[in-house]
Asks: 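Please see the structure below; I have some questions.
Numbers here are sequence positions counted from 1.
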Amino acid sequence: QLQASGGGLVQPGGSLRLSCTSSRSILSSDIIGWYRQAPGKQRELVAQITVGGSTTYSDYARARFTISRDRVRGTVYLQMTGLKPEDTAVYYCNRVNMRAPWGQGTQVTVSS
């Protein structure tokens, strides 16, 4: 299972760094994606990073979020800046192709 952490309450314009941890074998076996699910909406892919380090972003994340991988720590990060109220959601990480059971995610709330 992949575990997301690092969420919290932040004001509009603020930043957060989310962390995705699991075994190194899991994190290095597939594309890793950050997903989010806002209340009443479907879960959506925010950003993903391949084993080789190539990244892809959704349109709303491209200019504000950065996904990265620390191979030594076995962690995938999502650095989020310029947060907006519409970024409020539960954020999850998972393998993109060989999905593991979804973890509980980490809540991100953007509010003044």
Side-chain angles (χ1 to χ4, degrees):
Q1 193 174 30
L2 294 82
Q3 185 65 45
S5 62
L9 173 63
V10 63
Q11 292 187 341
S15 300
L16 280 174
R17 188 178 77 162
L18 306 183
S19 299
C20 176
T21 56
S22 186
S23 68
R24 290 185 185 180
S25 61
I26 288 178
L27 291 178
S28 62
S29 65
D30 193 3
I31 301 170
I32 301 299
W34 277 101
Y35 300 79
R36 72 184 188 184
Q37 187 168 20
K41 296 187 177 181
Q42 289 190 331
R43 187 176 288 137
E44 59 183 3
L45 180 63
V46 177
Q48 65 183 38
I49 185 166
T50 68
V51 173
S54 297
T55 58
T56 306
Y57 297 90
S58 62
D59 289 343
Y60 57 79
R62 187 168 294 112
R64 300 182 294 125
F65 297 176
T66 302
I67 189 171
S68 61
R69 179 196 298 269
D70 185 326
R71 297 184 186 280
V72 174
R73 296 179 184 272
T75 304
V76 174
Y77 300 102
L78 184 68
Q79 178 70 49
M80 304 187 294
T81 62
L83 284 163
K84 305 176 181 180
E86 50 264 43
D87 294 317
T88 295
V90 179
Y91 284 71
Y92 304 85
C93 59
N94 207 332
R95 295 190 295 191
V96 172
N97 294 314
M98 298 178 287
R99 293 269 180 83
W102 292 99
Q104 63 182 11
T106 187
Q107 176 70 47
V108 172
T109 303
V110 185
S111 175
S112 56

Asks: Within the supplied structure, the quantity of interest is the number of heavy atoms (other residues, nucleotides, ligands) at a distance under 6.0 Å from Gln104 CD; does it exceed 12?
Replies: no
Asks: When rounded to the nearest 0.5 angstrom, what distance separates OG1 in Thr75 from CZ in Arg17?
Replies: 8.5 Å
Asks: Nearest heavy-atom pair of Ser112 and Pro12: which atoms, and what distance?
Replies: N-CD, 3.7 Å
Asks: Indicate, with yes or no, if Ile31 and Phe65 share a hydrophobic cluster defined by side-chain heavy-atom contacts under 4.5 Å among Ile, Leu, Val, Met, Phe, Trp and Tyr.
Replies: no
Asks: Are any non-hydrogen side-chain atoms of Leu9 and Ser111 less than 4.5 angstrom apart?
Replies: yes
Asks: Go through the steps for Val108 and Met80 under the test side chain to side chain contact (heavy atoms under 4.5 Å, CB included), then give the verdict.
Replies: CA-CA 10 Å; Val108 172; Met80 304 187 294; 3.9 Å; yes
Asks: Check whether any side-chain N or O of Arg64 sits under 3.5 Å from a backbone N or O of Gly82 as a donor-acceptor pair, and report yes or no.
Replies: yes
Asks: Checking Leu27 against Cys20 for the side chain to side chain contact (heavy atoms under 4.5 Å, CB included) test, could you report, in this order, the C-alpha distance in whole Å, the side-chain angles of both residues, the deciding distance, and whether it holds?
Replies: CA-CA 9 Å; Leu27 291 178; Cys20 176; 4.3 Å; yes
Asks: Closest heavy-atom contact between Val76 and Ile67?
Replies: CG1-CG1, 3.9 Å
Asks: Could you check whether Arg62 makes a cation-pi contact with Tyr57, meaning its NZ or CZ is under 6.0 Å from the centre of the six-membered ring and within 45° of the ring axis?
Replies: no
Asks: Is Leu16 close to Gln79 at the side-chain level, that is, under 4.5 Å between some pair of heavy atoms?
Replies: no
Asks: Per the side-chain hydrogen bond (donor to acceptor under 3.5 Å, both in side chains) rule, what does the pair list look like for residues 89-98, sequence neighbours excluded?
Replies: Ser29-Arg95, Asp30-Asn97, Arg36-Tyr91
Asks: If two hydrophobic side chains count as joined below 4.5 Å and joins carry through other members, does Ile49 share a cluster with Tyr60?
Replies: yes
Asks: Under the criterion side chain to side chain contact (heavy atoms under 4.5 Å, CB included), which of Leu2, Thr21, Val46 is the partner of Cys93?
Replies: Leu2
Asks: Rounded to the nearest 0.5 Å, what separation is found between the OG1 atom of Thr106 and the CG atom of Leu78?
Replies: 11.0 Å
Asks: Quick one: are the ring centres of Tyr35 and Trp102 less than 6.0 Å apart?
Replies: yes
Asks: What is the distance from atom CD1 of Ile26 to atom CD of Gln1, rounded to the nearest 0.5 Å?
Replies: 9.0 Å
Asks: Is the number of heavy atoms from other residues, nucleotides or ligands within 6.0 Å of CZ (Arg73) greater than 12?
Replies: no
Asks: Should the heavy atoms of other residues, nucleotides or ligands under 6.0 Å from CD of Gln42 be counted, would the total exceed 12?
Replies: no
Asks: Start with the C-alpha gap between Ile32 and Arg69, add the side-chain angles, then the distance that decides, and say whether side chain to side chain contact (heavy atoms under 4.5 Å, CB included) holds.
Replies: CA-CA 9 Å; Ile32 301 299; Arg69 179 196 298 269; 4.2 Å; yes
